[in-house]
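Quick caveat, the model's predicted, so the values are computed rather than measured. All values below were derived from every heavy atom in this structure, side-chain atoms included, with hydrogens, water molecules and symmetry-related copies excluded.
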Amino acid sequence: MAIKKLGFVVRTMPYKIEGSRLAMTHAIASQTVEIYLEDGDNVEPTVCFIGDGVLNCLKSQQAMKHYGLTSLEQHIKNSLLLDMNVMYCKEDLDKFGITENQLIMDAEDIGGETNAKIVPYSEIQKVMESVDHLLFC
Amino acid sequence: MAIKKLGFVVRTMPYKIEGSRLAMTHAIASQTVEIYLEDGDNVEPTVCFIGDGVLNCLKSQQAMKHYGLTSLEQHIKNSLLLDMNVMYCKEDLDKFGITENQLIMDAEDIGGETNAKIVPYSEIQKVMESVDHLLFC
Amino acid sequence: MGKLTIGSFSSLVGSVSLDFAVKLAQAAVQKGHSVDLWVSGNGTMLSKKGQRAFKDYSYLAKTCQELFATGKFQMTACEACAEARGYHKEDTMEGCKRFSMDWYLASCFSADRVLHIGGD
Amino acid sequence: MGKLTIGSFSSLVGSVSLDFAVKLAQAAVQKGHSVDLWVSGNGTMLSKKGQRAFKDYSYLAKTCQELFATGKFQMTACEACAEARGYHKEDTMEGCKRFSMDWYLASCFSADRVLHIGGD
Amino acid sequence: MKLGVFLSDFKSGNDTLDRLTAEKLGIILVGNGIYNATVKENGKASPVLDKKATFYALTEDLESRGFTAANLDSRVKAVTYGDVVDLIFNEYEKLIWL
Amino acid sequence: MKLGVFLSDFKSGNDTLDRLTAEKLGIILVGNGIYNATVKENGKASPVLDKKATFYALTEDLESRGFTAANLDSRVKAVTYGDVVDLIFNEYEKLIWL
């Protein structure tokens with residue numbers, strides 16, 4: 001019986017490359033990983049957005065309307081619906097002047113009960129120290 | 001009868017993305033473009049290296065030895081063998097402290113007679129003004 | 001009405017640059033212009049037939065088919081780039097051509113405007 | 001001896017990051033370690049069978065085949081990523097598996113070290 | 001020359017842009033380039049906008065990233081794909097993608 | 001933590017690197033990351049090398065780009081793929097690719 005913690009750290013902007021999208025889809029895939037593992041074993045993902053990566057976390061992304069593409073907004077909401085631990089770096093939001101009301105903070109509209117957290121970088125550093133493996137995207 | 005001038009401007013570093021490699025292979029493809037054109041019509045490529053792109057122009061690239069991959073050095077030599085106009089931006093070489101003896105200046109070892117030219121940016125600006133189409137890579 | 005040649009080296013999915021190229025081609029054709037689209041490097045992935053539509057990936061094959069039907073749009077993939085990636089002639093999307101890189105230069109020759117998307 | 005899991009989202013040719021992943025896997029296997037390589041996103045192109053060797057493009061298929069033969073190396077491609085790009089099951093390189101993304105997380109679970117190459 | 005520059009990135013490409021000169025210069029912000037017109041770093045607008053040029057931003061790419069024309073820096077005009085086609089054929093002769 | 005960072009780029013990725021802290025930090029320059037150890041801009045070595053860390057550069061990537069170990073900044077040690085495997089398993093516990 002073991003839980004392995006995986007820390008996804010998103011530092012790239014959305015859409016231009018697939019990094020942030022694949023980070024979310026891989027993190028969400030943790031829901032079904034048990035089929036490959038022994039009873040009681042599991043993985044626990046945390047997703048942190050730092051640097052330019054915080055630009056993934058803005059509300060009202062209309063990528064589906066314009067490009068037929070699931071938005072990063074939808075991915076973040078899906079991960080909140082699954083009660084995943086999602087963190088945004090406060091210093092980077094401040095640097096860009098992005099305020100909480102511009103951000104995807106919850107997934108209430110799809111029935112989610114978990115909120116995203118705005119945390120200082122020091123908290124993200126702690127996540128990096130506590131996880132078993134780091135996956136920077 | 002017309003000659004159309006194409007200006008390839010390479011600003012990206014070698015190997016990580018294919019930009020500079022494809023610039024060279026497309027420029028070299030001008031050798032066979034006549035099969036698609038009317039008699040007397042042709043294209044004339046010039047290749048300019050600016051910014052980080054000048055890092056493509058260093059001698060002794062051993063990409064074939066290590067990765068089985070034609071080096072950018074070989075591509076530049078091939079283009080000189082075909083008497084193509086190849087220019088390196090002096091200011092950018094100076095910025096990186098790269099001197100002429102570190103650079104691919106000729107293709108004598110494969111029988112080439114044309115040399116690459118180190119020119120101030122103002123000359124490259126003139127090329128950009130004189131060509132019909134610009135292809136930044 | 002003019003001729004626009006777009007050259008793209010970008011990857012099929014992930015890089016929205018290729019989506020840009022296809023949407024720009026569509027807008028130009030709608031205004032009566034003709035468009036040549038050259039896909040080279042990882043961009044040759046656009047020419048692969050049998051792409052499945054997922055909401056999580058760009059799906060440009062349908063738009064390309066509609067554009068072919070207008071008669072104002074050509075798409076050509078770099079033959080060597082495709083072969084290197086394991087796409088052979090029979091893997092090519094219907095309507096799309098395959099030629100060597102000189103085709104692109106010839107298209108530039110007769111184009112009124114060239115937009116070359118060089119990055120990844 | 002340990003287990004290294006490498007995850008790659010990078011493109012087949014053009015980005016030498018995927019060459020890095022394969023050469024690192026080779027060096028690790030030579031030292032007696034075992035390696036899982038997960039190719040996702042554009043990296044799934046590595047798993048395409050029938051890639052032709054050109055001197056102008058990375059040709060990693062041969063090294064992968066040699067690595068499979070050691071019994072210390074697994075390569076798995078993301079199924080959805082491959083389908084989106086028009087690679088179906090029958091297009092997969094011999095020895096390479098296809099699974100959904102949870103396979104990669106399970107491989108990370110049992111890995112001593114994970115190197116995740118996230119960029120393009 | 002009449003030069004239309006497509007800027008598709010944020011933060012990178014600026015060194016190339018800095019040096020470009022043209023009698024008539026248009027900068028069309030597309031893809032992640034739209035952040036140059038919508039986001040300030042440490043309260044400062046992107047240095048790209050200080051360039052002497054006419055600025056446009058692609059509406060579809062603005063909206064995909066969570067912005068609208070209302071978020072644009074006042075120096076930048078929102079355009080559609082159709083508008084971009086007209087800019088290409090009517091306003092500029094040479095095009096660059098950065 | 002004992003953290004091994006693969007830096008695969010030149011100029012980009014530095015903002016992330018700046019903030020990383022670890023009791024034991026190794027920075028392995030690979031791909032275009034090797035320019036951080038071989039090229040000076042305006043006479044100044046890459047700021048990456050000021051980080052408190054142990055630095056390595058991959059010989060194969062150095063040589064592919066026209067350099068040898070002799071061109072390396074004195075703070076950086078040339079390593080092979082085999083050496084990198086040993087660093088991964090023996091020196092560092094967590095790995096990051098930038």
Side-chain angles (χ1 to χ4, degrees), chain C residues 7-19 22 39-65 75 77-96 98 100-102 117-120, chain D residues 7-19 22 39-65 75 77-96 98 100-102 117-120:
Chain C
S8 178
F9 294 173
S10 300
S11 338
L12 170 56
V13 299
S15 170
V16 185
S17 303
L18 199 52
D19 293 74
V22 172
V39 286
S40 169
N42 288 325
T44 52
M45 297 171 81
L46 177 60
S47 70
K48 176 77 175 71
K49 79 170 175 197
Q51 295 169 45
R52 274 182 61 185
F54 290 107
K55 291 257 177 290
D56 232 359
Y57 301 91
S58 304
Y59 181 66
L60 300 169
K62 189 166 160 286
T63 311
C64 290
Q65 292 301 332
M75 178 161 78
C78 171
E79 190 162 32
C81 304
E83 288 290 331
R85 287 159 177 80
Y87 299 151
H88 311 300
K89 202 169 177 55
E90 64 273 19
D91 298 317
T92 310
M93 180 193 288
E94 203 182 326
C96 181
R98 290 189 1 151
S100 51
M101 294 177 182
D102 45 14
I117 302 178
D120 209 34
Chain D
S8 178
F9 294 173
S10 299
S11 338
L12 169 55
V13 300
S15 172
V16 185
S17 304
L18 198 52
D19 293 75
V22 172
V39 286
S40 170
N42 287 326
T44 52
M45 297 170 81
L46 178 60
S47 70
K48 175 77 176 71
K49 80 170 173 197
Q51 294 170 46
R52 274 181 62 184
F54 290 107
K55 292 255 178 292
D56 232 359
Y57 303 91
S58 306
Y59 181 66
L60 300 169
K62 189 165 163 283
T63 311
C64 290
Q65 291 300 333
M75 178 161 77
C78 171
E79 190 162 30
C81 303
E83 288 290 331
R85 287 160 178 79
Y87 298 152
H88 311 302
K89 204 170 175 57
E90 64 272 19
D91 299 316
T92 310
M93 180 193 288
E94 204 183 325
C96 181
R98 292 193 354 156
S100 52
M101 293 177 182
D102 45 15
I117 302 177
D120 207 34

Problem set entry | Which portion of C:Ala53 sits near chain D, non-hydrogen atoms under 4.5 angstrom | neither
Problem set entry | Residues that C:Glu79 engages under side-chain contact (heavy atoms from CB on, under 4.5 Å), provided they are two or more places apart | C:Arg98
Problem set entry | Interatomic spacing from NZ in C:Lys48 to CE in D:Met45 - rounded to 0.5 Å | 11.0 Å
Problem set entry | Part of D:Lys49 within contact of chain C (heavy atom distance under 4.5 Å) | backbone
Exercise. Checking heavy atoms, do the side chain of D:Ala82, its backbone, both or neither come under 4.5 Å from chain C?
Worked result: neither
Exercise. Residues in salt bridge (charged side-chain N to carboxylate O under 4.0 Å, His left out) with D:Lys55, at least two apart?
Worked result: none
Exercise. For chain C, which of D:Gly86, D:Gly50, D:Ala61 has the most heavy-atom pairs under 4.5 Å?
Worked result: D:Gly86
Seminar exercise, completed: In short, D:Cys81 meets C:Tyr57 closest at the heavy-atom pair SG-OH, 3.1 Å
Problem set entry | Rounded distance (nearest 0.5 Å) linking atom CZ of C:Arg85 with atom CZ of D:Phe54 | 10.5 Å
